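Input: a single structure, listed below in structure tokens.
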Amino acid sequence: MSEAACAHIEAIASVTLAKTHACEECVKIGSRWVHLRTCQTCGVTLCCDSSPNLHASKHARASSHPVIASAEPGERWLYCYPDEAFAEY
Ligand SMILES: [Zn+2]
Ligand SMILES: [Zn+2]
Ligand SMILES: [Zn+2]
């Protein structure tokens, strides 16, 4: 990790990667997504804010799980919702 963006991102020793390349909530309701994000607290993979259902940010608010990683191939970054902090790794 380069410069620490916030305490939540700093606390992440190893980045949790997506187990499956799909939004778990969109699959349940038969919806579609744009990009995927993986929660760094519980490991769930959900859809981004450009997706119609915004499952990743809803999950972050509802569960108080602050940090997500991009689950898109070739993207290596983390984002913290409460601090609006961004870090590449
Ligand atoms: Zn933070
Ligand atoms: Zn979704
Ligand atoms: Zn979570």
Side-chain angles (χ1 to χ4, degrees):
M1 207 73 56
S2 52
E3 198 148 317
C6 74
H8 305 108
I9 288 173
E10 199 173 3
I12 293 169
S14 67
V15 175
T16 302
L17 302 174
K19 293 187 286 286
T20 54
H21 203 74
C23 172
E24 290 186 16
E25 294 301 319
C26 282
V27 166
K28 284 182 200 162
I29 60 172
S31 188
R32 304 174 66 89
W33 57 85
V34 180
H35 300 297
L36 294 168
R37 309 295 182 232
T38 300
C39 176
Q40 295 301 296
T41 306
C42 67
V44 68
T45 295
L46 297 167
C47 57
C48 73
D49 285 357
S50 303
S51 306
N53 295 296
L54 289 70
H55 282 132
S57 57
K58 282 180 189 165
H59 170 79
R61 264 199 307 277
S63 313
S64 297
H65 292 171
V67 181
I68 49 106
S70 175
E72 295 302 311
E75 292 188 3
R76 292 170 60 86
W77 53 260
L78 300 163
Y79 180 75
C80 175
Y81 285 102
D83 292 309
E84 297 181 8
F86 176 88
E88 293 188 68
Y89 66 87

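Just so you know, ligand 1 is whichever comes first in the structure, and atom 1 is the first atom listed for that ligand. Given the structure is predicted, the values throughout are model-derived calculations rather than measurements. Here, residue 1 is the first one in the sequence, and each next residue gets the next number.
Y81 has its side chain out of reach of P66: every pair of non-hydrogen atoms, C-beta onward, lies at least 4.5 Å apart. Annotation: side chain of I29 is in contact with side chain of N53 (closest heavy-atom distance under 4.5 Å).
Summary: ND1 is the N/O/S atom of H8 found nearest to the Zn ion (ligand 1).
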* To do: Please step through side-chain contact (heavy atoms from CB on, under 4.5 Å) for the pair S63 and T41, ending with a clear verdict.
  => CA-CA 9 Å; S63 313; T41 306; over 6 Å; no
* Worked check of side-chain contact (heavy atoms from CB on, under 4.5 Å) between C23 and R32 -> CA-CA 8 Å; C23 172; R32 304 174 66 89; over 6 Å; no
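Under the 4.5 Å side-chain heavy-atom criterion for Ile, Leu, Val, Met, Phe, Trp and Tyr, V15 and V67 are members of the same hydrophobic cluster.
Around the Zn ion (ligand 2), the protein contributes the following N, O or S atoms under 2.8 Å, ordered by chain and number: C23 SG, C26 SG, C47 SG, H55 ND1. Neighbouring protein atoms of the Zn ion (ligand 3) (N, O or S, distance under 2.8 Å, waters ignored): C39 SG, C42 SG, H59 NE2, H65 ND1.
T45 and T38 are linked by a side-chain donor-acceptor pair at a separation below 3.5 angstrom, with hydrogens and angles left out of the test. Under the 3.5 Å distance criterion, with hydrogens and angles disregarded, a donor-acceptor pair is assigned to the side chains of R37 and S70.
W77 has its ring centre less than 6.0 Å from the ring centre of F86.
With rounding to the nearest 0.5 Å, the separation of CG in L46 from SG in C26 is 8.0 Å. Taking CD from E25 and NZ from K28, the interatomic distance works out to 3.5 Å, rounded to the nearest 0.5 Å.
Draw a line from the Zn ion (ligand 1) to OD2 of D83 and another to SG of C6, and the angle between them is 110° (to 10°).
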